[in-house]
Amino acid sequence: MRTGPQSHFRRTFLSTTNSGFLQSLWDFFCSLKLAISLIITLAVTSIFGTIIKQNGTLEELQKEYSAGTIKLFDALGLFDMYHSWWFILLLYLFTVNLTACSIKRLPRVWKMASEPTPFLDSGLEKSLSNVYSFIAKGQATQVKERMTDFLKANFGAPVVTERDGEIHLFVQKSPYSRLGVYVVHLSIIVVFIGAILGSLFGYKAFVNIAEGTETDKVYTRTEKAIDLGFTVRCDKFSVTLYDTGAPKEFRSLLTVIDNGKVIYDKRPTIVNDPLSYKGITFYQSSYGPAGDPIYHLTARARNGSFNIPLTLRQGQMVRLGDGSTVQVVESTPEVGPMMPGFSGPAARVEYTPVGKPPQLFVIFKNFPNFDDQRGGEVIFTYDGSEEKFFTGLQVAKDPGVWVVWLGCALMVVGICIAFFMSHKRVWIRIAGGRVVMAGSASKNPTGFGILFDGLVEKLKQVEKH
């Protein structure tokens, strides 16, 4: 089938257009401007991720933000920013950008490291800033031997070649240090891959477990239940307070049960010591009361007619032997901030004598004789309370965490190579009795200049003898 000029023009035009588009796309992803823009964008958005509370419960968010702000931030994915589609897209773009830049520039750097130029021609000599030349004594063979011995003793064993009647000596150190920056590039890509794995296959959730209860599920910020595949039980929760009443330390004793087998038994979990099992980590996050506490009081008649222990719940009214009643109105584990000079647990009680109005007063566990001063017919002692708490746990699963750690290790290695190692090269050309020594380094030219000057001084001493 014959084709006319128009068909040929169309194929040529489309081919050129497609080629031009692909080249433009390749140049775009190889662009240093794109890399800088993505780095700045990731840095700025990470600031938002640090300032704005991430993966908080609705109750926690309502304490900090208005309803409109919560709605806006939730629509933008700012409450779970590191799992949002746009942040993951930025990671994808930066990964592609780093990969494209490395692919474009790596072959030239690899060739420079693996296939060095052993000849010091005039063009290379003019391009170098560290050059020293002199007239050598003796035959060319003797000069070659002296220069070879000199380089072996002071820099490294050289490669000796002859070309066009000239003798060239070449020695290099740390040629592959030029690849340090690409190790850093690779480490960043590995870290991003780990972050993406965590975003796709991991989760962040929370759960409240009351003392003595267990659960096999946790919940995301949107209240979606996630099955753990094992059971976590809170055997005991305890909290210690500062004198101001602020929590000093709170800890949970957690038991992990998998298929009826106890994996961890009453394992202490505190803020900086999380519990991990099967790649799922439980962080101590919060706590609170779980149900009505039980109070223990002692009621003693001043005239000695009775002395009875009382067990009651908050708001529960108990009748004493003389017909009077008592109930606990409220309590606190630390009364110091509210009543300076006192400390420890305290309870406010309402005592109603027969035929008299109610009396409100406070009794203290650490001051058992304090109520004697009230002068009432019945004296009360606060013996403590049995109050159950729930432990609030943040739960995280991140299957990419070990990939991230691998990337961090690679980054340390790459940075050490990139900043503390340098590709150093020294040439010597022997031609017609004239010797030219030149050198260069891929980094720290000032430091290498000092090193080269030292070689020159040593060479002068060798040539004097």
Engineer: Please assess R233 against T213 for the test side-chain hydrogen bond (donor to acceptor under 3.5 Å, both in side chains), listing each intermediate value before the final yes or no.
Structural biologist: CA-CA 6 Å; R233 183 177 69 228; T213 65; over 6 Å; no

Engineer: Please report the interatomic distance CD1(I52) to CG(L78), rounded to the nearest 0.5 Å.
Structural biologist: 4.5 Å

Engineer: Relative to the ring of F448, is the ring of F452 parallel (under 30°), tilted (30 to 60°) or perpendicular (over 60°)?
Structural biologist: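 Answer is tilted, since the angle falls between 30° and 60°.
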
Engineer: Return yes if some donor-acceptor pair links the side-chain N/O of D273 with the main-chain N/O of T269 below 3.5 Å, else return no.
Structural biologist: no

Engineer: I'd like to know whether E125 forms a side-chain contact (heavy atoms from CB on, under 4.5 Å) with V131, so could you lay out the CA-CA distance, the side-chain angles of the two residues, the decisive distance to 0.1 Å, and finally the verdict.
Structural biologist: CA-CA 7 Å; E125 179 184 345; V131 178; 4.1 Å; yes

Engineer: Measure the spacing between CD1 of I103 and SG of C30 and express it to the nearest 0.5 Å.
Structural biologist: 8.0 Å

Engineer: Can you confirm whether V232 sits close enough to I209 that some side-chain heavy atom of one is under 4.5 Å from a side-chain heavy atom of the other?
Structural biologist: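 Side chain of V232 against side chain of I209, heavy atoms only: contact under 4.5 Å found.
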
Engineer: Between E211 and K388, is the closest basic N to carboxylate O distance under 4.0 Å?
Structural biologist: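 Looking at K388 and E211, the cut-off is not met.
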
Engineer: Going by atom types alone, do H423 and R178 pair a side-chain donor with an acceptor below 3.5 Å?
Structural biologist: yes

Engineer: Do K173 and F155 meet the cation-pi criteria used here (NZ or CZ under 6.0 Å from the six-membered ring centre, within 45° of the axis)?
Structural biologist: yes

Engineer: Parallel, tilted or perpendicular: which fits the ring planes of F170 and W427, with parallel below 30° and perpendicular above 60°?
Structural biologist: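 The arrangement is tilted - the two ring planes meet at 30° to 60°.
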
Engineer: For a quick test of reading the model, state the closest non-hydrogen atom pair linking S177 to S422 and the distance between them.
Structural biologist: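 Scanning both residues completely, I find the closest heavy atoms to be OG-C, 3.3 Å.
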
Engineer: What's the separation between atom SG in C408 and atom CH2 in W405, rounded to the nearest 0.5 Å?
Structural biologist: 6.0 Å

Engineer: What pair of heavy atoms forms the shortest contact from V456 to M437, and how long is it?
Structural biologist: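 Closest approach of V456 to M437, heavy atoms only: CG2-CE, 3.7 Å.
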
Engineer: Has D164 got a side-chain atom pairing as donor or acceptor with E166's backbone, closer than 3.5 angstrom?
Structural biologist: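 Looks like no, no N/O pair under 3.5 Å.
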
Engineer: Quick check for you: to the nearest 0.5 Å, what is the distance between L410 atom CG and I415 atom CD1?
Structural biologist: 11.0 Å

Engineer: Can you tell me how the ring of Y176 sits relative to the ring of W110, calling it parallel under 30°, perpendicular over 60° and tilted otherwise?
Structural biologist: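 It falls in the tilted class, 30° to 60°.
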
Engineer: Quick one: which residue pairs count as a side-chain hydrogen bond (donor to acceptor under 3.5 Å, both in side chains) with a foot in residues 92-108, not counting sequence neighbours?
Structural biologist: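 Residue pairs with at least one partner in residues 92-108: S102-H185.
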
Engineer: Taking the side chain as every heavy atom from C-beta outward, state whether F230 and V256 have any atom pair closer than 4.5 Å.
Structural biologist: yes

Engineer: Quick one about Y277 and D258 (side-chain donor to acceptor, distance below 3.5 Å, no hydrogens or angles considered), yes or no?
Structural biologist: yes

Engineer: More than 12 heavy atoms of other residues, nucleotides or ligands under 6.0 Å from CG of N272: is that the case?
Structural biologist: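 Open: at most 12 neighbouring heavy atoms sit under 6.0 Å from CG of N272.
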
Engineer: Please check if any side-chain donor atom of E334 sits under 3.5 Å from a side-chain acceptor atom of S343, or the reverse.
Structural biologist: no

Engineer: Given F250, which partner from the list I270, V271, T240 fulfils the side chain to side chain contact (heavy atoms under 4.5 Å, CB included) test?
Structural biologist: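 Checked I270, V271, T240 against F250; only one passes side chain to side chain contact (heavy atoms under 4.5 Å, CB included): V271.
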
Engineer: Measuring from atom CZ of F134 to atom CZ of R434, what distance do you get when rounded to the nearest 0.5 angstrom?
Structural biologist: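 If we round to the nearest 0.5 Å, F134:CZ and R434:CZ are 9.5 Å apart.
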
Engineer: Relative to the ring of Y65, is the ring of F79 parallel (under 30°), tilted (30 to 60°) or perpendicular (over 60°)?
Structural biologist: tilted

Engineer: Could you grab the distance from atom CG of L22 to atom CG of D27, nearest 0.5 Å is fine?
Structural biologist: 11.0 Å

Engineer: Please name all residues satisfying salt bridge (charged side-chain N to carboxylate O under 4.0 Å, His left out) with R251, sequence neighbours left out, ordered by chain then number.
Structural biologist: E249

Engineer: Over all heavy atoms of both residues, which pair between A290 and F389 is shortest? Give the atoms and the distance, please.
Structural biologist: CB-C, 3.7 Å

Engineer: Check whether any side-chain heavy atom of V435 sits under 4.5 Å from a side-chain heavy atom of M147, and report yes or no.
Structural biologist: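 They are in contact (side-chain heavy atoms under 4.5 Å apart), so the answer is yes.
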
Engineer: Report yes if the side chains of L254 and L393 come closer than 4.5 Å at any heavy-atom pair, otherwise no.
Structural biologist: yes

Engineer: For S46, is there any backbone N or O sitting under 3.5 Å from a side-chain donor or acceptor partner on T50?
Structural biologist: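 At least one qualifying donor-acceptor pair exists.
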
Engineer: Heavy-atom count around F48 CZ within 6.0 Å, excluding the residue itself: above 12?
Structural biologist: no

Engineer: Applying side-chain contact (heavy atoms from CB on, under 4.5 Å), run through M81 and W86 and close with a yes or a no.
Structural biologist: CA-CA 9 Å; M81 194 192 78; W86 54 266; 3.4 Å; yes

Engineer: Checking F29 against L34 for the side-chain contact (heavy atoms from CB on, under 4.5 Å) test, could you report, in this order, the C-alpha distance in whole Å, the side-chain angles of both residues, the deciding distance, and whether it holds?
Structural biologist: CA-CA 7 Å; F29 281 112; L34 175 63; 4.1 Å; yes

Engineer: State, yes or no, whether a side-chain contact exists between V403 and V190 at a heavy-atom distance under 4.5 Å.
Structural biologist: yes

Engineer: Side chains of S331 and Q314: donor-acceptor distance under 3.5 Å anywhere?
Structural biologist: no

Engineer: Would you mind reporting whether L120 and I428 have side-chain heavy atoms less than 4.5 Å apart?
Structural biologist: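 No; the side chains remain at least 4.5 Å from each other.
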
Engineer: Does a side-chain heavy-atom distance below 4.5 Å link N444 with F420?
Structural biologist: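 Not in contact.
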
Engineer: Got a donor-acceptor contact below 3.5 angstrom from the E115 side chain to the M112 backbone?
Structural biologist: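 Checked: no pair found.
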
Engineer: Are the ring centres of F206 and Y283 closer than 6.0 Å?
Structural biologist: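 No - the distance between ring centres of F206 and Y283 does not fall below the 6.0 Å cut-off.
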
Engineer: For N259 and K261, indicate whether the former's side chain and the latter's backbone hold a donor-acceptor pair under 3.5 Å.
Structural biologist: no

Engineer: Using a strict cut-off of less than 4.0 Å between a Lys/Arg side-chain nitrogen and an Asp/Glu carboxylate oxygen, indicate whether D265 and R267 qualify as a salt bridge.
Structural biologist: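 No, this pair does not count.
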
Engineer: Check P158 against L151 and note the closest heavy-atom contact, atom names and distance.
Structural biologist: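 Looking at all heavy atoms of both residues, the closest pair is CB-CD1, 3.8 Å.
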
Engineer: Identify the heavy atoms of V184 and G414 that sit nearest to each other, and give their distance.
Structural biologist: CG2-C, 3.5 Å

Engineer: Quick check on the 6.0 Å ring-centre criterion: do F390 and Y287 meet it?
Structural biologist: no

Engineer: How about T231 and D216: does a side-chain donor come under 3.5 Å of a side-chain acceptor?
Structural biologist: no

Engineer: Identify the heavy atoms of P116 and A113 that sit nearest to each other, and give their distance.
Structural biologist: CD-O, 4.1 Å

Engineer: Under the side-chain contact (heavy atoms from CB on, under 4.5 Å) criterion, do L197 and D398 qualify, and how do the steps go?
Structural biologist: CA-CA 8 Å; L197 286 175; D398 189 354; 6.0 Å; no

Engineer: Any heavy-atom pair between the side chains of S252 and K236 that's under 4.5 Å?
Structural biologist: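 They are not in side-chain contact.
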
Engineer: For the side chain of S385 and the backbone of E387, is there at least one donor-acceptor N/O pair under 3.5 Å apart?
Structural biologist: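 No, S385 side chain to E387 backbone: no donor-acceptor pair under 3.5 Å.
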
